[in-house]
Amino acid sequence: MSQNESSISFDFTDRAKKVKLEAIGAHVYYDDNHVLKDINMIVRENTITALIGPSGCGKSTFLRLFNRMNDYIDSFQLSGQVLIDSQDIYERNVNVENLRKNVGMVFQKPNPFPKSIFENVAFGMRIRGISKKTELEGIVEDALKNAVLWDEVKDRLQKPALSLSGGQQQRLCIARVLAVKPTVLLMDEPASALDPIATAKIEELINVLKEQYTILIVTHNMQQASRISDKTAFFYQGQLIEYEATRDIFINPRKDLTERYITGRFG
Amino acid sequence: MNREIRNKVFDIGFRIFGIFSTFLGVILIAIFISSIVQAGFSKIDWNFLTGLPSRFADHAGILTAWTGSLWILALSAIIGIPVGVGAAIFFEEYAPKNSLTRILEINLTNLAGVPSVIYGILGLELFVRSFKMGSSLLAGACTLSLLILPIVIVATREALRAVPQSIRQASFSMGATKWQTIWHQILPASAGGIATGVILALSRAVGEAAPVIVIGALAYVPFVAESPLDDFTVLPIQIFNWVTRPDPEFIVNASAGIIVLLSITFLLNGIAVYLRYRWQKKMKW
Ligand SMILES: Nc1ncnc2c1ncn2[C@@H]1O[C@H](COP(=O)(O)OP(=O)(O)OP(=O)(O)O)[C@@H](O)[C@H]1O
Ligand SMILES: [Mg+2]
């Protein structure tokens with residue numbers, strides 16, 4: 001489809017899947033700080049892509065390109081293109097609110113609203129003018145079930161979301177996103193604030209979600225990346241160093257830098 | 001060694017000074033309140049609360065004064081809260097951070113220090129004369145709304161700023177617009193803090209005499225106001241009027257009036273304290 005593809009990806013296994021996300025010659029600056037340098041990357045539909053790399057290498061910035069959350073940073077400047085379903089999302093006529101309905105985000109720290117569990121999940125519907133109780137109840141229940149949280153909260157939907165445990169809060173945040181039926185999920189270290197059991201639950205959930213969503217996930221946990229992702233992108237100092245099928249990256253990385261990073265031998 | 005001893009002496013010295021200042025304030029207020037209560041409490045009865053003003057101390061009541069104060073309270077709330085909260089939202093969530101907004105901000109904080117008489121003069125020129133409201137409740141409420149505006153704005157901005165950035169981010173990332181984020185997330189999360197500030201500001205408005213005297217509110221109003229365009233008086237004016245009379249019987253009336261006024265402001269402050277407490281308990285991020 002695009003000329004960049006052949007030079008970046010040699011993964012033939014899921015060629016059949018549609019191209020969902022695409023970055024073409026993307027550069028990002030924060031004032032003079034050049035934090036992403038000529039990123040070319042293709043992400044196919046219904047796959048999980050892990051973004052790894054040392055702190056400050058630009059993973060979060062790259063992730064936020066796809067829902068335009070960088071727009072709130074005054075010094076942010078982008079050149080190049082970012083496409084979703086072959087549509088440039090930085091074009092002038094793009095409706096950012098609709099874009100974000102399609103591209104959900106889960107943050108590093110669980111950030112439920114200081115409202116009830118129910119209202120957290122219903123929020124995305126309410127701001128889109130849906131206020132019929134029966135309709136909301138159905139959507140909330142489905143979303144909580146999809147986020148594997150329903151059984152734990154079904155008896156206390158009116159309780160404050162902040163009364164949940166950290167792991168439950170994070171799954172609530174996932175449910176909140178799922179409720180508006182996006183097709184892309186951006187996750188910025190979604191399990192880094194959680195204990196191993198809660199982390200395992202989130203990972204399990206992500207694996208199921210793959211069936212229906214295209215997922216980009218930032219992680220500092222190499223095991224996690226290798227467990228859950230189909231492809232892995234290694235960033236270093238704003239550059240995309242290597243982007244391959246996850247098993248290739250972890251078993252047989254092509255670049256010395258990648259190998260040193262994933263084996264923890266980093267100077 | 002020497003230094004340590006010196007620090008210790010300072011430490012103890014300041015503690016004693018702190019305790020002394022605190023008690024000085026508390027004791028003075030306690031003496032004041034108890035002497036007022038002694039002088040005026042027996043005067044407070046049904047006749048006093050429902051009586052119209054009179055030249056004779058024992059006939060005189062405060063019906064027009066306290067209803068006037070309630071009118072002022074309600075009207076100032078209706079005018080002052082939307083304007084003040086709106087301005088705070090603008091500053092905090094919308095205004096670009098440039099030198100113009102900074103100058104506006106500094107002026108705003110300075111406005112909180114302008115003597116209330118000055119607001120009265122402004123109100124007299126602007127509302128009473130230019131807008132032809134006359135010395136009406138509406139003119140009084142507009143003037144007092146101006147007076148409390150800086151307090152409301154500062155308190156509201158503080159409450160808005162206390163809402164963590166992560167809430168805004170979460171809301172935006174769900175596809176909410178700025179206004180939806182403010183309406184559905186930020187205002188509910190900061191409502192307790194805003195209410196606290198607003199109530200304290202209103203209790204200030206209820207206690208003011210100078211600006212309402214300047215705009216021409218009268219001490220002698222022989223009827224209860226029925227619309228915002230009616231003439232009015234308020235408790236502080238009635239108290240002031242009685243205090244200036246030579247007849248000692250009026251001092252008793254003034255004391256009773258002070259008790260009623262203090263009850264209203266204490267009640268308002270109590271509500272504010274309660275709201276703040278509730279809010280702090282609910283909003284632990
Ligand atoms: N709001 C901002 N304003 C200015 N510079 C920023 C901002 N956010 C990030 N940066 C800079 O951009 C670079 C990339 O940051 P980014 O947060 O994308 O890195 P990251 O890979 O996600 O790091 P981490 O693993 O620590 O989360 C860093 O040098 C950082 O200092
Ligand atoms: Mg990051």
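Reminder, nothing fancy here: chain letters follow the sequence lines and each chain counts from 1.
Taking NZ of B:K178 as the reference point, atom CD of A:E97 lies at 11.5 Å (rounded to 0.5 Å). Considering CG of A:D188 and OG of B:S173, their distance stands at 11.5 Å, rounded to 0.5 Å. Interatomic distance, B:H184 NE2 to A:F123 CZ, rounded to the nearest 0.5 Å: 6.0 Å. Note that CD of A:Q108 is 12.0 Å distant from OG of B:S166, once rounded to the nearest 0.5 Å. To the nearest 0.5 Å, atoms CE (B:M174) and CZ (A:R128) are separated by 7.0 Å.
Ring geometry, B:F172 versus A:Y72: the interplanar angle falls under 30°, so the pair is classed parallel (tilted spans 30 to 60°).
The environment of OH in B:Y94 is crowded: more than 12 heavy-atom neighbours from other residues, nucleotides or ligands sit within 6.0 Å. Within a 6.0 Å radius of NZ in B:K97, more than 12 heavy atoms belonging to other residues, nucleotides or ligands are found. Summarising the local packing, NZ of A:K154 is surrounded by more than 12 heavy atoms from other residues, nucleotides or ligands at distances under 6.0 Å. Residue A:E91 qualifies as enclosed at atom CD: its count of foreign heavy atoms under 6.0 Å is above 12. Atom CG of B:N110 sits in a crowded spot, with more than 12 heavy atoms from other residues, nucleotides or ligands closer than 6.0 Å. Few gaps surround CG on A:N93; more than 12 heavy atoms of other groups in view lie less than 6.0 Å from it.
Among A:R126, A:R64, A:R176, A:M105, the residue making the largest number of heavy-atom pairs under 4.5 Å with chain B is A:R176.
Using a 4.5 Å cut-off between heavy atoms, B:S171 contacts chain A through both its backbone and its side chain. Contact of A:V103 with chain B is made through the backbone alone, with heavy-atom distances under 4.5 Å.
The minimum heavy-atom distance between A:M69 and B:Q169, with the atom names listed, is CE-O, 3.4 Å.
The shortest side-chain heavy-atom distance between B:P188 and A:F113 does not fall under the 4.5 Å cut-off.
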